[in-house]
Protein chains: 2
Amino acid sequence: MDAAAPRTRIQEKNRKAILGAALNVFSEAGFRGATLDRIAAEAGLSKPNLLYYFPSKEAIHVALLTGLLDLWLDPLRTIEPAGDPADEIVGYVLRKLDMARQFPRESKLFANEIVQGAPRIMDIVEGPLKSLVDEKAALIRGWSAAGRIADIDPYHLIFSIWATTQHYADFDAQVHGILGPGDGHFTDAAQFLDHLYRRALAPG
Amino acid sequence: MDAAAPRTRIQEKNRKAILGAALNVFSEAGFRGATLDRIAAEAGLSKPNLLYYFPSKEAIHVALLTGLLDLWLDPLRTIEPAGDPADEIVGYVLRKLDMARQFPRESKLFANEIVQGAPRIMDIVEGPLKSLVDEKAALIRGWSAAGRIADIDPYHLIFSIWATTQHYADFDAQVHGILGPGDGHFTDAAQFLDHLYRRALAPG
DNA sequence: CGTCTCGTTGACCAATTGGTCAATTCTTTG
DNA sequence: CAAAGAATTGACCAATTGGTCAACGAGACG
């Protein structure tokens with residue numbers, strides 16, 4: 001049975017419920033901190049029933065990570081050679097920031113995994129992710145060489161974009177502890193990051 | 001008995017061994033993933049002996065975090081009103097990056113804690129940390145108002161500095177998965193971040 | 001209706017793990 | 001040296017937790 005192709009309506013419904021609950025629990029508590037009991041409870045299933053749909057805790061985790069990878073990398077993919085370089089990159093920054101706002105649980109899921117050394121997705125990091133980053137880095141480097149943006153290291157540029165945007169999801173406890181609760185910080189962050197990268201990219 | 005004031009030489013030695021081992025284990029596995037057995041083994045003690053020095057797993061964790069807080073916030077403290085604004089801030093960036101290089105375990109320790117919602121240090125975040133950030137934010141805002149640096153949000157500036165620098169410690173698995181192993185990335189990162197912040201801060 | 005697969009669960013298990021305790025050994029000191 | 005206190009440990013415990021299994025219930029389908 002292919003995990004991505006449920007046979008029946010019940011399977012489809014319960015798989016979705018499990019992955020939804022698992023996203024809550026894993027993103028909040030990390031892999032070790034998450035328990036099958038809690039995932040099962042949040043999904044509205046008994047623990048043995050949960051294990052009827054997924055063979056193990058780790059299988060749920062891997063299914064989550066791989067299933068969300070496309071969503072997660074989508075903003076980077078849409079950087080295109082045709083557009084204006086600075087607009088493309090700043091657009092990427094703002095899309096990524098919006099992802100952090102809309103999908104903080106997904107961001108924390110990946111953050112937890114990578115902080116722990118990415119034991120379960122290192123092959124993805126070194127494979128498809130590296131390929132995608134290499135491709136976009138080459139594109140950015142081309143822009144630099146053509147004098148259309150400043151001469152900067154594209155890899156560290158991408159790292160800094162990941163860091164600054166996901167920070168608002170992954171470390172929201174700290175952000176809210178210092179700025180106070182609420183959702184408005186994203187607007188200010190967008191303005192700041194626009195300034196930061198617009199200036200960094202300006203040629204000359 | 002004050003935890004910070006060991007009475008005997010044996011206590012001093014063993015406390016240090018425990019905190020050193022705990023730093024290894026907690027930073028690598030997170031709070032839930034760390035086990036007393038492993039900490040005790042790495043410290044060269046039996047588990048009951050370890051619990052003779054600290055009353056609980058959580059006590060070790062809190063002792064670690066609070067004990068490392070000063071080290072961790074030191075670079076921010078050294079931003080001074082007297083110096084050249086841009087030099088002060090860029091200097092802070094580079095000091096922070098150097099901290100990530102020299103103390104990656106400490107960085108991961110805090111990262112793990114904050115990603116999980118900072119349950120054990122929220123009072124520090126909302127207290128001393130917020131105070132320090134407020135103070136430095138006011139200083140930076142003053143520089144902006146005086147036209148000595150660009151007009152930017154000082155809080156998000158500080159967040160971005162934390163994010164970009166600690167990224168190289170916290171997510172080193174990803175950085176190395178994409179750039180390959182080795183220590184040389186820090187040099188490139190320093191150059192990139194110098195460019196990034198130097199430009200962002202330039203007045204006008 | 002009867003059968004057969006799918007879906008569900010209570011009871012159970014072994015391993016892990018944070019923590020306790022009484023007993024023992026080692027150090028210090030009068 | 002002898003007593004007092006500090007340090008150490010093997011044995012043990014209760015709770016948690018990932019996972020199993022046999023049995024039972026529920027739909028689908030001829």
Side-chain angles (χ1 to χ4, degrees), chain A residues 1-65 112-113 116 119-120, chain B residues 1-65 112-113 116 119-120:
Chain A
M1 180 174 68
D2 185 351
R7 295 275 184 268
T8 77
R9 246 151 265 142
I10 291 181
Q11 275 188 31
E12 192 174 355
K13 188 194 65 169
N14 282 344
R15 271 180 179 277
K16 265 186 195 153
I18 291 169
L19 290 176
L23 177 57
N24 276 334
V25 179
F26 279 129
S27 67
E28 195 179 295
F31 183 77
R32 290 278 321 242
T35 70
L36 290 182
D37 289 279
R38 205 183 137 196
I39 296 174
E42 273 191 40
L45 299 174
S46 67
K47 187 167 61 169
N49 199 12
L50 182 153
L51 287 164
Y52 172 75
Y53 291 99
F54 289 90
S56 70
K57 182 183 178 180
E58 185 156 344
I60 302 176
H61 197 240
V62 171
L64 251 190
L65 288 167
N112 264 307
E113 177 70 7
Q116 308 281 328
R120 280 164 265 271
Chain B
M1 180 174 66
D2 185 349
R7 295 274 184 270
T8 76
R9 247 151 264 140
I10 292 182
Q11 275 186 30
E12 192 176 355
K13 188 193 66 169
N14 282 344
R15 281 191 112 86
K16 265 187 193 151
I18 291 170
L19 290 175
L23 177 58
N24 276 335
V25 178
F26 279 130
S27 67
E28 194 179 295
F31 183 77
R32 289 280 320 242
T35 71
L36 290 181
D37 290 279
R38 206 183 136 197
I39 296 173
E42 273 192 40
L45 299 174
S46 67
K47 186 167 63 169
N49 200 12
L50 182 152
L51 287 164
Y52 171 76
Y53 290 98
F54 289 89
S56 68
K57 182 182 178 181
E58 185 154 345
I60 303 176
H61 196 240
V62 170
L64 251 190
L65 288 167
N112 264 307
E113 177 69 6
Q116 308 281 328
R120 280 164 267 271

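Just so it is clear: chains get the letters A, B, ... in the order the sequence lines come, proteins before strands, and each one is counted from 1.
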Over all strands shown, is A:Ala59 touching base, sugar-phosphate only, or nothing at heavy-atom distances under 4.0 angstrom?
nothing
Touch check for B:Ala34, heavy atoms < 4.0 angstrom, all strands: base, sugar-phosphate only, or nothing?
sugar-phosphate
For A:Glu12 and A:Lys16, run side-chain contact (heavy atoms from CB on, under 4.5 Å): C-alpha distance rounded to whole Å, both residues' side-chain angles, the deciding distance at 0.1 Å, then the answer.
CA-CA 6 Å; A:Glu12 192 174 355; A:Lys16 265 186 195 153; 3.9 Å; yes
Quick one: is B:Thr8 getting a side-chain N or O under 4.0 Å of the C:dT27 phosphate, OP1 or OP2?
no
Roughly how far, to the nearest 0.5 Å, is CZ of A:Arg120 from CD of A:Glu58?
5.0 Å
D:dA7 C1' sits how many Å from B:Asn49 CG, rounded?
6 Å
I need the CG-C1' distance between B:Leu50 and D:dA7, as an integer number of Å.
13 Å
With a cut-off of under 6.0 Å to the ring centre and 45° to the axis, is A:Arg32 in cation-pi contact with B:Phe31?
no
From the set C:dC6, D:dT8, C:dG19, return the single nucleotide nearest to any side-chain atom of B:Tyr53.
D:dT8
Looking at every strand, decide which applies to B:Leu36 at a 4.0 Å heavy-atom threshold: base, sugar-phosphate, or nothing.
sugar-phosphate
Please state whether the phosphate of C:dC6, meaning OP1 or OP2, lies under 4.0 angstrom from any side-chain nitrogen or oxygen of A:Asn14.
no
Could you state the NZ-P distance from B:Lys13 to D:dA7, rounded to the nearest angstrom?
11 Å
Select one nucleotide: of D:dT20, D:dG19, D:dT9, the one nearest the side-chain heavy atoms of A:Pro48.
D:dT20
Taking only side-chain N and O atoms of A:Gln11, does any of them lie within less than 4.0 angstrom of OP1 or OP2 on C:dC6?
no
Per nearest nucleotide of DNA chain C, the residue lying toward the 5' end, B:Asp37 or B:Arg9, is B:Asp37
Does D:dT17 have OP1 or OP2 sitting under 4.0 Å from an N or O in the side chain of B:Arg32?
yes
Expressed in angstrom and rounded to an integer, what is the separation of A:Leu45 atom CG from C:dT9 atom P?
7 Å
Check: D:dG19 base within 3.5 Å donor-acceptor of A:Lys57 side chain:
no
Find the distance B:Glu12:CD to D:dA7:C1' and express it as a whole number of Å.
16 Å
Matching residue for A:Ile60 among A:Ile18, A:Leu23, A:Val25 - test: side-chain contact (heavy atoms from CB on, under 4.5 Å):
A:Ile18
In whole Å, I'd like the distance from the OH atom of B:Tyr52 to the P atom of C:dT25.
17 Å
For atom CG of A:Leu51 and atom P of D:dC21, their distance in whole Å
12 Å
Taking atom C1' of C:dG18 as reference, at what distance in whole Å does atom CD1 of B:Ile60 sit?
11 Å
Decide side-chain contact (heavy atoms from CB on, under 4.5 Å) for A:Tyr53 and A:Ile10; before the verdict, give the C-alpha distance in whole Å, the side-chain angles of both, and the deciding distance to 0.1 Å.
CA-CA 11 Å; A:Tyr53 291 99; A:Ile10 291 181; 3.6 Å; yes
